[in-house]
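The next block holds one structure in the form of structure tokens; read it before the comments.
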Protein chains: 2
Amino acid sequence: MDSKKKKRLEARGWVVGDTREFLRLTAEEARYIELKLSLSESLKAERLKQQVTQVELAKMIGSSQSRVAKMEAGDPAVTVDLLLKALLTLGVTKKQLAKIIA
Amino acid sequence: MDSKKKKRLEARGWVVGDTREFLRLTAEEARYIELKLSLSESLKAERLKQQVTQVELAKMIGSSQSRVAKMEAGDPAVTVDLLLKALLTLGVTKKQLAKIIA
DNA sequence: TGGCAATATGTCCGTTTAGACATATGCTCT
DNA sequence: AGAGCATATGTCTAAACGGACATATTGCCA
């Protein structure tokens, strides 16, 4: 993982480090988180592309604006399941999903 | 969705119907579930390919045999998150994941 | 047939995540 | 500046999901 990517992860609060304790991510964890960030970034991009507000998307998926914001922010307390449901609701196809992930 | 696919979903307990109540899946829900089933099938295939038992895989991902069985059975009470973590632990690459999903 | 390893099914209970709400911050107009 | 909309952040409680355990069930081979 290059330092740019690492920074991107750290900036989102995924890697919490202080002088006493440093959480080292295993390779699988890092890959999982990267995947999740790809999904959240794509969600935001797709929503903006369709000119939908967070409030509107929230209604579409039966959720709330705050949760949508957290999804797009890559908050650790958001599951891939929820991200996928949102993307599917926006009409993203399997092929597009595949591209996002790969 | 063709009837074959529908049968496959129903057989897993996703569609619970009786004479009074019939749960109709929305298009998004169906697509989400199909995605999940693809992942669980791939998980089982990959595990078998690597000649790993459910007990062994459970240890690898810090879980239990029963949960691995549920993952592979496409149990609704298993998240995509968990399936992804298992697949990643087995060394499945992003490209392979993309193929599974698409 | 019985024994054994692998897998399936069902339940329990602690933890995590969900939506909801309140509130803060930011952005764009006029 | 301030009104108005969009987004961000933080917290609450109920619901969903997690691992663990117990207990079937299956399949294989001696």
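So that the names make sense, note that chain A is the first sequence line, chain B the second, and so on, each numbered from 1.
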- Euclidean distance, atom CD of residue B:Q50 to atom C1' of C:dA6 [Å, nearest integer]: 18 Å
- Can you tell me the distance, in whole Å, between the CD atom of B:E72 and the C1' atom of C:dA8? 11 Å
- Report, as a single string ordered 5' to 3', how protein heavy atoms within less than 4.0 Å touch nucleotides 13-29 of chain D: B base, S sugar-phosphate only, - not at all. ----SBBBB--------
- Search all heavy atoms of B:K36 against all heavy atoms of B:P76 and return the closest pair with its distance. NZ-O, 3.3 Å
- Message: Checking side chain to side chain contact (heavy atoms under 4.5 Å, CB included) between B:L39 and each of B:V78, B:L82, B:V80, which is the one that passes?
- Response: B:V80
- Query: Could you state the CZ-C1' distance from A:R47 to D:dT7, rounded to the nearest angstrom?
  - Reply: 8 Å
- Message: I need the A:S38 OG to A:L35 CG distance, nearest 0.5 Å.
- Response: 6.0 Å
- Query: Any luck finding a side-chain donor-acceptor pair between A:Q96 and A:E46 under 3.5 Å?
  - Reply: no
- Message: Test your reading of the model: is there a side-chain donor-acceptor pair from A:R47 to the backbone of A:L57, 3.5 Å cut-off?
- Response: no
- Query: With sugar-phosphate meaning primed atoms plus P, OP1 and OP2, does A:K59 contact a base, only sugar-phosphate, or nothing at under 4.0 Å between heavy atoms?
  - Reply: nothing
- Query: Which pair of heavy atoms, one from A:S42 and one from A:I100, lies closest together, and at what distance?
  - Reply: OG-CG2, 3.3 Å
